[in-house]
Amino acid sequence: MKILFLLCLMTSQFGLSRQKKFPTTIHFAKPENIFSFSDLKFDTKVKAILNPNCTDSKSCLQRCQHGKVWTLQTGCCSCTCRRGYILSTDGESCTRVRFGEWSSWSSCIVSEWGGVQHRGRLCKTKLGRSANNRCVGAGSQSRSCSKVTSDFRIRKNLLDLTDEELHDFIQGFTKFKQDHSLFGYLNTVKWHGWPHKCPWYKHGIKGHKNGHCSWHQHPMFLPWHRLIMVQLELGLSRHMKNKTLGIPYWDWTDPIYKGLPDLVKNPTIYDPILKKYVPNPFYRTYIPSHAPVNNKTLYNYRSVKKAGYLIHDLMLKNLIQAVNMPSYKMFDMTEFRSHSQIHNCMCVDKGTGINCTYSMLTTEYSCFDPTFFLHHSQIDRVYALYQKLRQVLGTQDWTKDSFLDPYKKDDFFDFNKQPDVSGSWDWPMSPFCNASMNPSYVTLNKDSWTVGNSYYYQELFGYKYDTFDLARRDWKLLLKDLKQSYKSKYYGKSIPYFSHMGITVGDKPNQPLMTIKGCTT
């Protein structure tokens with residue numbers, strides 16, 4: 001940990017301002033379309049059985065003990081097992097797995113919101129073979145360990161803000177953007193991309209060739225963005241009268257939205273308390289210390305493709321599928337599609353003449369658009385929902401082994417050759433770990449800026465969500481979906497199903513998916 005901390009100090013600094021000519025874009029791993037073999041049409045089954053490209057371990061003639069699935073991309077089959085079992089080395093039978101003994105409780109991480117201690121246990125076969133994310137029950141536990149001395153901030157649905165809260169939010173955000181201290185808006189948003197304050201590339205870290213601090217398509221994606229949202233929220237709170245109001249979320253699964261939220265659309269906005277229109281701090285942001293573009297002062301750009309925000313059911317379907325995934329890695333790689341849909345549709349340059357380099361489309365400048373915060377408050381809420389479902393059902397499994405194991409098995413992450421992936425659980429997320437850049441004792445705490453501990457957002461960062469409902473539908477229906485997946489003989493595979501949230505939003509065969517690049521409409 002000491003070595004990683006020193007690495008953080010070396011790779012997050014004020015002075016770096018080298019600008020790349022081209023923006024950093026987001027890349028996607030291709031999903032697989034997987035179906036129950038027994039549900040295939042007869043002619044498809046025949047083709048699968050006769051497929052000469054399938055080896056014995058992938059042949060559709062296998063006698064699977066529990067379940068058999070067929071993958072569209074390969075045309076081959078594989079066996080699956082129910083939760084509580086793991087596929088045996090013969091590729092057909094299933095071996096029972098169980099949790100071992102609990103570890104001792106960790107030392108108390110003290111905070112003003114109750115702090116946290118945690119412990120875990122490993123899932124293995126009787127012969128000691130690792131079986132992470134396969135056991136029945138909980139693989140981790142946590143408990144508060146210090147006094148609650150501060151109020152929690154509540155992140156509310158943007159549409160449910162009272163007139164007083166909306167006024168406070170408008171006035172507070174205006175002042176926040178004018179704050180030029182280390183706590184200020186402009187100082188913090190620069191951490192995401194430009195002007196490249198975290199030169200990890202000097203240490204051979206892939207995907208960070210220009211020195212931006214944020215992480216995408218990576219184990220640290222959600223934890224890093226959780227931290228920057230906390231950082232922004234704490235900075236904003238300094239200018240708010242209501243210290244218990246957090247950054248609202250934009251639930252883009254709600255069909256009431258016919259495009260962008262009204263809050264961010266226009267140069268002026270109506271203040272319901274002042275009863276007049278005022279300059280809108282959420283409309284756009286001046287990007288300081290940046291060279292003029294086309295001889296003009298640089299602001300963030302938008303060229304919104306409205307239709308991209310009208311596919312509410314498709315995004316809801318994506319989130320339902322994500323929270324039902326059997327591991328954090330699979331959850332993250334699935335919800336990333338909805339995350340990126342919002343970014344991709346914010347600027348579509350087709351004959352408009354708009355330069356999308358300086359928009360939410362790119363890692364470099366996305367954080368300068370205030371829409372980013374409403375969007376990422378929603379993304380973090382989905383992450384918190386993933387946690388909540390498992391806490392309620394008593395199936396939480398947040399340990400280093402259960403977290404890292406799925407990444408070891410995915411060639412996309414090149415686990416053994418990328419130290420930032422293999423070491424992501426304890427990796428110092430910069431620049432939160434650097435006192436010369438981070439003035440907040442909350443996120444600067446050495447026990448907070450890691451993937452492992454940032455999971456405990458209420459206990460360490462002091463915020464909660466008003467509800468976990470999606471599209472105004474009761475989130476508790478997702479508990480039934482998750483129980484359903486736990487009982488499936490295809491556990492661990494994403495196959496078509498019907499959600500308790502509604503027959504139109506289940507993961508069904510032949511239903512369109514959001515594209516891996518660009519704005520889906």
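- The closest side-chain donor-acceptor pair between Thr80 and Lys489, if any, does not fall under 3.5 angstrom.
- Counting non-hydrogen atoms of neighbouring residues, nucleotides and ligands closer than 6.0 angstrom, the NZ atom of Lys124 reaches no more than 12 such neighbours.
- Using a 3.5 Å distance cut-off with no hydrogens or angles, the side chains of Ser499 and Asp481 do pair a donor with an acceptor.
- Nearest heavy-atom pair, His312 versus Trp252, reported as atom, atom and distance to 0.1 Å: CD2-O, 3.2 Å.
- His118 and Asn453 share a side-chain donor-acceptor pair at under 3.5 Å.
- Residues Arg381 and Tyr465 bring no donor and acceptor atom of their side chains to less than 3.5 Å of each other.
- Every residue meeting the disulfide bond (SG atoms under 2.5 Å apart) condition with Cys135, not counting sequence neighbours, appears here in chain and number order: Cys123.
- A side-chain donor-acceptor contact under 3.5 Å links His239 and Asp179.
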(request) Please assess Tyr249 against His376 for the test ring-ring contact (aromatic ring centres under 6.0 Å, His included), listing each intermediate value before the final yes or no. (result) CA-CA 7 Å; Tyr249 56 87; His376 272 275; over 10 Å; no

(request) Please report the C-alpha distance between Trp427 and Trp224 in whole Å, then the side-chain angles of each, then the deciding distance to 0.1 Å, and finally whether the ring-ring contact (aromatic ring centres under 6.0 Å, His included) criterion is met. (result) CA-CA 11 Å; Trp427 195 269; Trp224 192 94; over 10 Å; no

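- Crowding of Arg98 atom CZ: a count of heavy atoms from other residues, nucleotides or ligands under 6.0 Å not exceeding 12.
- Screening residues 381-411 for disulfide bond (SG atoms under 2.5 Å apart), with sequence neighbours left out, gives no hits.
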